[in-house]
Amino acid sequence: MKTGQVLEILLLEDSPADAEMVSERLRAEGLDFNIRIVDNGDDFKRSIAESRPDVVLSDYRLPGFDGPAALELVREILPETPFIFITGTIGDERAVETLKRGATDFVLKGNIARLVPAISRALNEKKIMRERRVLFEALRENEK
């Protein structure tokens, strides 16, 4: 995926091996990115405020702080930012619930090849939503 820009990625992950797996997959796909890896709620909250990432990737379960709490925080502070869960397993009900709560997508760690296509789709959807909002606001101004 070539976007012509350096993507700022925030990854919430407590396993160094899994964080490395994610970084390696992004590099293997030719993505131009900076990644900030955090493993707890305090660092995550600080990173959201400081870095304003283009996309947030998050494990589902972490000690003391979990993916759903991270999702809620991102939706509150950066509502348009794509949020993708990267998890070992997730049941159908839990997957549907995360999407209803505002997650953009989820990728199983066993199928990490889906990560870059999921990021690409999420960023494209964000761009389309932004363009629609601009058009809607222009129409509304025109009607006045």
Side-chain angles (χ1 to χ4, degrees), residues 1-140:
M1 175 177 112
K2 296 285 182 186
T3 63
Q5 73 176 52
V6 177
L7 286 178
E8 296 298 326
I9 298 172
L10 176 58
L11 172 61
L12 177 62
E13 176 61 69
D14 64 330
S15 165
D18 287 349
E20 183 59 28
M21 174 185 64
V22 168
S23 296
E24 285 298 319
R25 171 48 59 181
L26 298 174
R27 275 192 285 282
E29 294 285 332
L31 200 62
D32 196 4
F33 67 97
N34 292 321
I35 191 166
R36 182 182 287 199
I37 302 168
V38 298
D39 64 1
N40 63 72
D42 290 338
D43 289 345
F44 184 80
K45 291 171 192 171
R46 191 171 22 263
S47 294
I48 287 292
E50 291 173 359
S51 69
R52 304 191 68 79
D54 296 309
V55 65
V56 175
L57 308 175
S58 176
D59 194 359
Y60 194 85
R61 277 194 200 109
L62 297 99
F65 188 69
D66 64 9
L71 173 60
E72 188 175 314
L73 188 64
V74 169
R75 288 295 154 252
E76 183 180 307
I77 297 171
L78 302 171
E80 294 182 1
T81 300
F83 189 104
I84 300 171
F85 280 106
I86 303 175
T87 187
T89 59
I90 189 167
D92 290 343
E93 283 183 34
R94 190 170 286 155
V96 169
E97 183 61 30
T98 63
L99 296 173
K100 284 181 180 178
R101 289 183 161 188
T104 309
D105 206 342
F106 62 91
V107 174
L108 297 176
K109 290 178 181 177
N111 192 12
I112 199 69
R114 265 194 15 82
L115 180 58
V116 172
I119 291 172
S120 179
R121 184 185 60 77
L123 292 172
N124 191 44
E125 284 177 5
K126 178 182 176 181
K127 179 182 172 197
I128 290 169
M129 296 279 274
R130 186 178 298 137
E131 289 170 353
R132 283 183 182 166
R133 188 176 57 251
V134 167
L135 286 172
F136 180 75
E137 289 172 5
L139 281 172
R140 191 168 45 191

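Values reported hereafter were calculated over all heavy atoms of this structure, with side chains retained and with hydrogens, waters and symmetry mates removed. Quick caveat: nothing in here was measured; it's all calculated off a predicted structure.
Test Leu10, Asp39, Leu11 against Phe44 for side chain to side chain contact (heavy atoms under 4.5 Å, CB included) and you get one pass: Leu10.
Between Ile84 and Ala122, the closest heavy-atom pair is CD1-CB, 4.4 Å. Between Pro82 and Lys126, the shortest heavy-atom contact is CD-CD, 3.8 Å.
The main-chain N or O of Leu7 is never found under 3.5 Å from a side-chain atom of Gln5 such that the two would form a donor-acceptor pair.
Between Arg27 and Glu24 there is a salt bridge, with a side-chain nitrogen of the basic residue lying less than 4.0 Å from a carboxylate oxygen of the acidic one.
The line from CG of Asp105 to CD1 of Ile86 is 10.0 Å long, rounded to the nearest 0.5 Å. To the nearest 0.5 Å, the span separating CD1 on Ile9 from CD1 on Ile37 amounts to 10.0 Å. Going from atom OG of Ser15 over to atom CD of Glu20 covers 10.5 Å, rounded to the nearest 0.5 Å.
Looking at Leu26 and Val116, their side chains come closer than 4.5 Å, going by heavy atoms from C-beta outward. Looking at heavy atoms from C-beta onward, Val74 lies in side-chain contact with Phe83 at the 4.5 angstrom threshold. Side-chain contact between Leu78 and Pro53 is present, with heavy atoms from C-beta onward closer than 4.5 Å. You'll find the side chain of Thr87 reaches within 4.5 Å of the side chain of Leu108, heavy atoms only.
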Distance-only donor-acceptor pairs under 3.5 Å for side chains of residues 55-63, two or more places apart:
residue, atom, partner, partner atom, Å
Asp59, OD2, Lys109, NZ, 3.4
Tyr60, OH, Arg94, NE, 3.4

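With sequence neighbours excluded, no residue satisfies salt bridge (charged side-chain N to carboxylate O under 4.0 Å, His left out) with Glu8. Applying the side-chain contact (heavy atoms from CB on, under 4.5 Å) rule to Leu135 yields no partners; only residues at least two apart in sequence or on another chain are considered. Residues satisfying the side-chain contact (heavy atoms from CB on, under 4.5 Å) test with Ala113, not counting sequence neighbours, are Arg25, Asn111. Qualifying ring-ring contact (aromatic ring centres under 6.0 Å, His included) partners for Phe33, counting only residues two or more places apart in sequence or in other chains: none. A search for side-chain contact (heavy atoms from CB on, under 4.5 Å) contacts involving Glu131 returns Lys127, not counting sequence neighbours.
Sorted by first and then second residue, the salt bridge (charged side-chain N to carboxylate O under 4.0 Å, His left out) pairs with a member in residues 44-57 read Arg36-Glu50, Asp43-Arg46; sequence neighbours excluded. Pairs engaging residues 62-88 under the salt bridge (charged side-chain N to carboxylate O under 4.0 Å, His left out) rule: Glu80-Arg133 [sequence neighbours left out].
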- prompt: Given Leu71 and Phe85, is the side chain to side chain contact (heavy atoms under 4.5 Å, CB included) satisfied, shown in steps?
  reply: CA-CA 9 Å; Leu71 173 60; Phe85 280 106; 4.1 Å; yes
